[in-house]
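Structure, as structure tokens:
Numbered from 1 within each chain, the chains take letters A, B, ... in sequence-line order. Atoms considered below: every heavy atom in the structure, side chains included; atoms not considered: hydrogens, waters and symmetry mates.
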Amino acid sequence: MHDIRFIREQPEAFDRALARRGIAPMSKEFRTLDEERRAVQTERQDLQAKRNDASKKIGEAKRTGANADDLMAVVAAMKDRLTALDETDRRLGQKLQDLLASYPNILSDEVPDGRDENDNKEVRRFGTPPAIENPKEHFELGEALGLMDFEAAAKLSGARFTVLKGALARMERALGDFMLDLHTGEFGYTEVSPPLLVKDEIMFGVGQLPKFTDEMFFAGRTKSREALLREALSTADPADIEGMRRGEISLEDFVASVLSKAPTKEDLWLITTAEVPLTNLVNNMIVDREKLPMRVTARTPCFRSEAGASGKDTRGMLRQHQFYKVELVSITAPEQSKDEHERMTSCAETVLKRLELPFRTIVLCAGDTGFSSSKTYDIEVWLPGQKVYREISSCSNCLDFQARRMNARCRAAGDKQSAFVHTLNGSGIAIGRCLIAVMENYQQPDGSIVVPSALRPYMGGLERIG
RNA sequence: GGAGAGGUGGCUGAGCGGUCGAAAGCGACGGUCUCGAAAACCGUUAUAGGUGUACGCCUAUCAAGGGUUCGAAUCCCUUCCUCUCCGCCA
């Protein structure tokens, strides 16, 4: 969500920011709409002031028993205009809000120009890829061990699901435990166990709604088609029903009209990441400045439809509809977010260092940076089976972009002025992909997998799988 | 799922058609007093937006959104949330 005052005061800067994302200039439209709305608002408020004044006098007159007919006539005369202004103000205000919420965040100056992932810049590298002869991919290793079952998963849920068994199921659990212990024990994050189903406004707060419904799963409660139909019909305009009966309105138009007015209340969305509930912990709050930065972490399942990735990564468990991830979220005061972003990224990197997995960290270019983010580091882990670095963590500084959508502020004790907080989120890290990385990097010629020493305490001392 | 009771400022809690952005108490902050503190006393005590160079003025907000009315915290409708009892349930 953008700040209309920023656009009003620095229209060129706003247009330049859009240009970096490959979006045509919009400041003119914003300013026209803004001026129109403020004109309406001013007239409306003046009229309201007059009405309030007259109403007050009517009250006094009635109390003393005097005649108030003249005054009442004055108020009645402005009624139509006022109603029209109310409506216009509401409409323009909504239009402005929707427009402000539909453009991506302004990129940091530190983000390199570029169109897509090919233009991302490496910032550092850790470890060296192990020399493995004829390395296998994780699904080959897992299936051979009998601990990874894609057929069973397909039977239960279709494509893009996995059944893990035995030591691999345990390793998944161990990885999450290890990460949570690291972040809470050494980096000061507070562990949270949040809801996995959330409301519309919560998805809006992090920028997931209204634009990205395709990526999400929806948790609707079952209702019969009849009930749904009756519910929709109950909102139909009687004039439309009559019109359709007389054949003046086609069935198609009638249905369209009913649906446009039908209740839009949704049930709940499955979270795509724990960022959603964790960031929204401060939704619609004014937080004490002294309590910032606030650092929280959670291990949760994540649910993604992967609608835009058909055909990509279909083998194995690299890209799933459901996977576990440990998420890091920081809520900071505005001046803290830049340092916090570096700190958070290093917290995520530490996970890979402790597991002794080779990785590199890149900064995403303008064209590859997500909607809500102003700057994003991706951490990519080495996968010997594919011989490439693959994304395993993404750490973003959203500045006040999400805070505006959520109305999340902070205020120092004794201060009058409040400010929007800054929000940051990062994977710390994706558990499913981490499991893959461990399997492939620690694979042995006989198909067994050595357990990284950092993980052994979490697996009852087990040193090798298979 | 059924029945009922509610949602008022940082908190407790009055108000139930007019002068109410809202009594009172608590808390917090400032002052008097004191060597200092406590007590006592006096005072201050929301947020957002519009508008003007400016002390300022105006608008909105008593869960949210509509409506009735000259006028709504107060009346009506819808939604959300909380609590109590019953049923069901890991």
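Comparing the P positions of G4(B) and U79(B) gives an interatomic distance of 16 Å, to the nearest angstrom. Using atom P as the reference point in both G7(B) and C76(B), the two lie 14 Å apart (nearest Å). Here the separation of A64(B) from C70(B), taken at their P atoms, is 25 Å to the nearest Å. Here the separation of C88(B) from C77(B), taken at their C1' atoms, is 31 Å to the nearest Å. If you take atom P in U74(B) and the same atom in G66(B), they sit 14 Å apart, rounded to whole Å. Distance check on atom C1': U47(B) versus A22(B) gives 15 Å, rounded to whole Å. Using P as the reference atom, U19(B) and C29(B) are 34 Å apart when rounded to the nearest Å. U12(B) and G50(B) are spaced 35 Å apart, taking the C1' atom of each and rounding to whole Å.
Taking a pair to require two hydrogen-bonding distances under 3.5 Å in either a Watson-Crick or a G-U wobble arrangement, A90(B) remains unpaired. Base pairing of A28(B) is made with U44(B), judged by Watson-Crick or G-U wobble geometry with both donor-acceptor distances under 3.5 Å. Summarising the base pairing, U68(B) is matched to no nucleotide, lacking a Watson-Crick or G-U wobble pair whose two defining distances lie under 3.5 Å. Shown here, G36(B) forms no base pair; nothing in the strands shown gives a Watson-Crick or G-U wobble contact with both key distances under 3.5 Å. Searching all strands for a Watson-Crick or G-U wobble partner of U19(B) with both distances below 3.5 Å returns nothing. Under the Watson-Crick or G-U wobble criterion, with both distances below 3.5 Å, A5(B) is paired with U82(B). Look at U74(B): it lacks any Watson-Crick or wobble partner with both distances under 3.5 angstrom. Look at A54(B): it lacks any Watson-Crick or wobble partner with both distances under 3.5 angstrom.
An OP1 or OP2 oxygen of U51(B) is reached within less than 4.0 angstrom by a side-chain nitrogen or oxygen of Arg38(A). The shortest distance between the side-chain N/O atoms of Arg5(A) and the OP1/OP2 oxygens of G49(B) is below 4.0 Å. Close to G66(B), at under 4.0 Å from its OP1 or OP2, lies a side-chain N or O of Arg90(A). Listed pair Arg411(A) / U47(B) meets the phosphate criterion, a side-chain N or O lying under 4.0 Å from OP1 or OP2. At the phosphate of A48(B), OP1 or OP2 sits under 4.0 Å from a side-chain N or O atom of Arg409(A). For Arg404(A), no side-chain nitrogen or oxygen approaches OP1 or OP2 of A48(B) to under 4.0 Å.
A donor N or O paired with an acceptor N or O is found under 3.5 Å between the base of G49(B) and the side-chain atoms of Gln45(A).
Within the 3.5 Å criterion, the main-chain N or O of Thr162(A) finds a donor-acceptor partner in the side chain of Gln320(A). Of the possible donor and acceptor atoms, one in the side chain of Asp149(A) sits under 3.5 Å from a partner among the backbone N and O of Ala152(A). Side-chain N or O atoms of Arg464(A) include none that pairs as donor or acceptor with a backbone N or O of Ile449(A) at under 3.5 Å.
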All N/O contacts under 3.5 Å from nucleotides 53-57 of chain B to the protein, with atom names and distances to one decimal?
none

Pick out the pairs of N or O atoms, protein on one side and nucleotides 70-74 of chain B on the other, that lie under 3.5 Å.
unit_1	atom_1	unit_2	atom_2	d
C70(B)	O2'	Ser55(A)	OG	3.1
G71(B)	O4'	Ser55(A)	OG	3.2

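Between Phe371(A) and Phe401(A), the two ring planes are perpendicular [angle over 60°; tilted spans 30° to 60°].
Asp89(A) pairs in a salt bridge (Lys or Arg N to Asp or Glu O under 4.0 Å) with only one of the listed residues (Arg38(A), Lys95(A), Arg37(A)), which is Arg37(A).
With a 6.0 Å radius and a threshold of 12 heavy atoms from other residues, nucleotides or ligands, Asp109(A) has its CG atom at or below the threshold.
Ring-centre distance between His321(A) and Phe303(A): not below the 6.0 Å cut-off.
Under 4.0 Å is where a charged nitrogen must lie from a carboxylate oxygen, and between Glu110(A) and Lys338(A) at least one such pair does.
Going from atom CG of Asn284(A) over to atom P of A64(B) covers 10 Å, rounded to whole Å. Spacing between atom CZ of Arg289(A) and atom P of G10(B) amounts to 21 Å, rounded to whole angstrom units. Rounded to an integer number of Å, the gap from CE of Met78(A) to P of U59(B) is 12 Å. Atom-to-atom, CG of Leu92(A) to C1' of G49(B) comes out at 15 Å; the value is rounded to the nearest Å.
If you check the side chains of Ser330(A) and Glu340(A), you find a donor sitting under 3.5 Å from an acceptor.
You'll find the side chain of Glu172(A) stays beyond 4.5 Å of the side chain of Leu168(A), heavy atoms only.
For Gln48(A), taking side-chain heavy atoms from C-beta onward, the closest of the listed nucleotides A48(B), U51(B), A60(B) is A60(B).
A cation-pi arrangement is absent between Arg8(A) and Phe30(A) under the rule of less than 6.0 angstrom and at most 45 degrees off the ring axis.
Minimum interatomic distance between Phe178(A) and Tyr458(A) (heavy atoms only, all atoms of both residues): CA-CZ, 3.6 Å.
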